[in-house]
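Handing you this structure, nothing more for now.
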Amino acid sequence: MNTVLTVFKKEMLDTLRDKRTLITAIIMPAFLIPVLMWGMGAVTKMVMEKEQNKKLTIALMNAPAEFVALIDTAKFTVKQGYDMATGRDEILSDSLDAMIGFGEKFSKKQADMGQSKVDFWYKSTNLTVESRLSDIVEKYEESLLDDRIAQLNISERTIDPILLRQHDIAPPKEQFGKTVGGFLPYLFIIFCFTGCMYPALDLITGEKERGTIETLLTVPASRFKILGGKVLAIALVGLAAAIMGIIGLVVAARFLPDMPEELSGMLVSMVTPKFILMLFIMLVPLCFFFAGGLCALVVRAKSFKEAQSIVSPFMMVVIIPAAMAMMPGIELDWKTAFVPILNIALATKEIVAGTIQMPHYIAIVVSLVIVALIAMVTSYKAFSKEGMVIK
Amino acid sequence: MIQVNNVTKTYNLNKKQKKELQTTANSINAVNGISFECTPGRVFSLLGPNGAGKTTTLRMMSTIIKPTSGQMSIAGHNVESEPERVRAKIGFLTGSTNLYDRLNPSEIVDYFGQLHGMSKDKLASRKDALFTQLGIHEFSQKRIGQMSTGMKQKVSIARSMIHDPEVVIFDEPTSGLDVITANSIIELIKRCKVEGKTVIFSSHIMSEVDLLCDDLAIIAKGDLVYSDSMANFRQQFAGTSLTEAFINIVNRNVQH
């Protein structure tokens, strides 16, 4: 055990002095989410506001006076006298934002209580045009409908026979867990993997590339213990990365401006001692699974570059099950409980929602411990092969 | 004491390796039934051109790789059945001064001392003695990444000698070093001899061999082609330079 601790202490010291590992494993997970959340929110808000307030230039064909009256001239520049071909060309060349064409017999058809066609030309790439003009058309249609109801002397209820009243009785916590809860494990699983990846490359392949492995293997310690110390250090960095990711998310929810109050409240209230403990118990074997698996993979690489090309495809193997947990319809059951990575992601959702079943949780922890042990044994076997450790 | 008895190291070749080596053979002997002995208090030199099998032999001695057949014992311990005991007795140093760039000399020497299971007090006093002897104290807190090759080599020496090994294995220790730095290695080998340690070093620089060694063996393409004392070697090849004698022996055996 002394040897394992000696190797572990040295590797931690070495790793913590490596700026690249520190940035990818600790700093990025802690700051990436807050920065992304804040940045995305601010940019979206800015773009939407700009689009909403932009004065649009529209052309109208045969528009009734009542319709024209509904258009706020402060927000729209209205042009008349266009035909279909010119209007389309101008929309395509961006000198016109949209065109609305009423049929020539529009007023007559309306008077006869018939149905008239209204053509609406626009480009969907122009973000808010469709919704802003549809709103005006709908408003106009409502006024036409009101007129007809008055003329026919009937109640509004006559043409609206059903009043649907929806009652969503899912507690807010459960709703939150099953929706946003899926995003949370996706994040910390990725952080955990990248957190393990850089130290694994540095402590296994780096040692080979720099030529220090040979002298390390001439000390009177077994390869098992040397690898044990390294795996321990790699797993710890992975664990730190995952935890920093979660802390970053909660801090962002709590302190960032413009966060929806409901979301920030939920995120903050989610972090209970029970949640932390249950998550931590699953994260530890997951980190050892990643650390062992990555060591087994990179031990055969002769250089950093080769190691990176071996590991990169496995990133997908991690991302896919983590992302699957966000899909609707994929639930935690006795089948998914034994799929590594997917199981921890689904369990986290259930823990956040408060609907986790203990037998499922225990099965997940046990299965994660088993896959972690398999990964570590595989890495030990790879590390023991003489051809694998010598450049 | 190092005893090597009829040791062979065979590597199986995969398709790619066969193509690279332009051979149809399924395996290749990096070392082929070699036998020799190194005794305490004497310096043994393993000579041979590049690819002769010197590094393979020294790696087998240091238990990094295992012999395919034959017996090899270091300080009375078999390399295959007692690898950890062997490793406790040896100091291993290569010419390429490979150390951890982000650590300082003190941390590196502590790390290796601890891995050798040294007590805190013994490690501290031995480290202090070695640092004084090699002049490391003045840069003991500086990171390896910021050091010159000469400084690194001194730290490598301290690292491989911290546990006061009985047997010292040097794999081309002066390769790629300037004369001043190489001299620190030569001084170390001399000191080890005086201290009664068993010393083996591989080289292809005859001037070094002439200066230091008591016994020598020459290997070429995995075969041991010469093994005797340096005194006998000098006598046998009197009149020709040592480099010439070495080249003649290697060429004669390679052609055969």
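Quick note on labels: first sequence line is chain A, next is B, and so on, each numbered from 1. Small disclaimer: the values here were computed from a predicted structure and weren't measured.
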Nearest heavy-atom approach of Q114(B) to T6(A) is OE1-CG2, 3.3 Å

Take R102(B) and D202(A) through the side-chain contact (heavy atoms from CB on, under 4.5 Å) test and state the conclusion after the steps.
-> CA-CA 12 Å; R102(B) 296 188 289 267; D202(A) 192 44; 2.3 Å; yes

Got L115(B) and V7(A) here, is their nearest side-chain heavy-atom distance under 4.5 Å?
->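 Yes; the side chains approach each other to less than 4.5 Å.
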
d(D18(A) CG, D101(B) CG) to nearest 0.5 Å is 10.5 Å

OH of Y198(A): more than 12 outside heavy atoms within 6.0 angstrom?
-> no

K89(B) portion near chain A, given a 4.5 angstrom heavy-atom threshold |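 K89(B) has no heavy atom closer than 4.5 Å to chain A.
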
Going by heavy atoms in the side chains, are L216(A) and Y111(B) under 4.5 Å from each other?
->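 A side-chain contact under 4.5 Å exists here.
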
Please report the C-alpha distance between K9(A) and D110(B) in whole Å, then the side-chain angles of each, then the deciding distance to 0.1 Å, and finally whether the salt bridge (charged side-chain N to carboxylate O under 4.0 Å, His left out) criterion is met.
-> CA-CA 12 Å; K9(A) 274 195 269 179; D110(B) 280 347; over 6 Å; no

Within a radius of less than 6.0 Å around CZ of F31(A), do more than 12 heavy atoms belonging to other residues, nucleotides or ligands occur?
->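 No.
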
So, does R87(B) use its side chain to make a donor-acceptor pair with the main chain of T218(A) at under 3.5 Å?
->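 No, R87(B) side chain to T218(A) backbone: no donor-acceptor pair under 3.5 Å.
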
Over 12 non-hydrogen atoms of neighbours within 6.0 angstrom of CZ in F314(A) | no

Do you know which two heavy atoms are closest between H116(B) and P220(A), and how far apart they sit?
->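 It is CD2-CD, 3.1 Å.
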
If you measure from CG on N98(B) to CD on E207(A), what distance do you get to the nearest 0.5 Å?
-> 10.0 Å

Please say whether more than 12 non-hydrogen atoms of neighbouring residues, nucleotides or ligands are located less than 6.0 Å from CZ in F8(A).
->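 Enclosed: over 12 neighbouring heavy atoms sit under 6.0 Å from CZ of F8(A).
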
Side chain, backbone, both or neither: which part of R85(B) has a non-hydrogen atom closer than 4.5 Å to chain A?
-> neither

More than 12 non-hydrogen atoms from neighbouring residues, nucleotides or ligands closer than 6.0 Å to NZ on K66(B), yes or no?
-> no

Using a strict 4.0 Å threshold on nitrogen-to-oxygen distance, state whether R17(A) and E107(B) make a salt bridge.
->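 Judged by the 4.0 Å cut-off on N to carboxylate O distance, R17(A) and E107(B) do form a salt bridge.
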
Verify the neighbour count for atom CD of E195(B): are there more than 12 heavy atoms of other residues, nucleotides or ligands below 6.0 Å?
-> yes

Contact check, side chains of T215(A) and T94(B), non-hydrogen atoms, under 4.5 Å | no

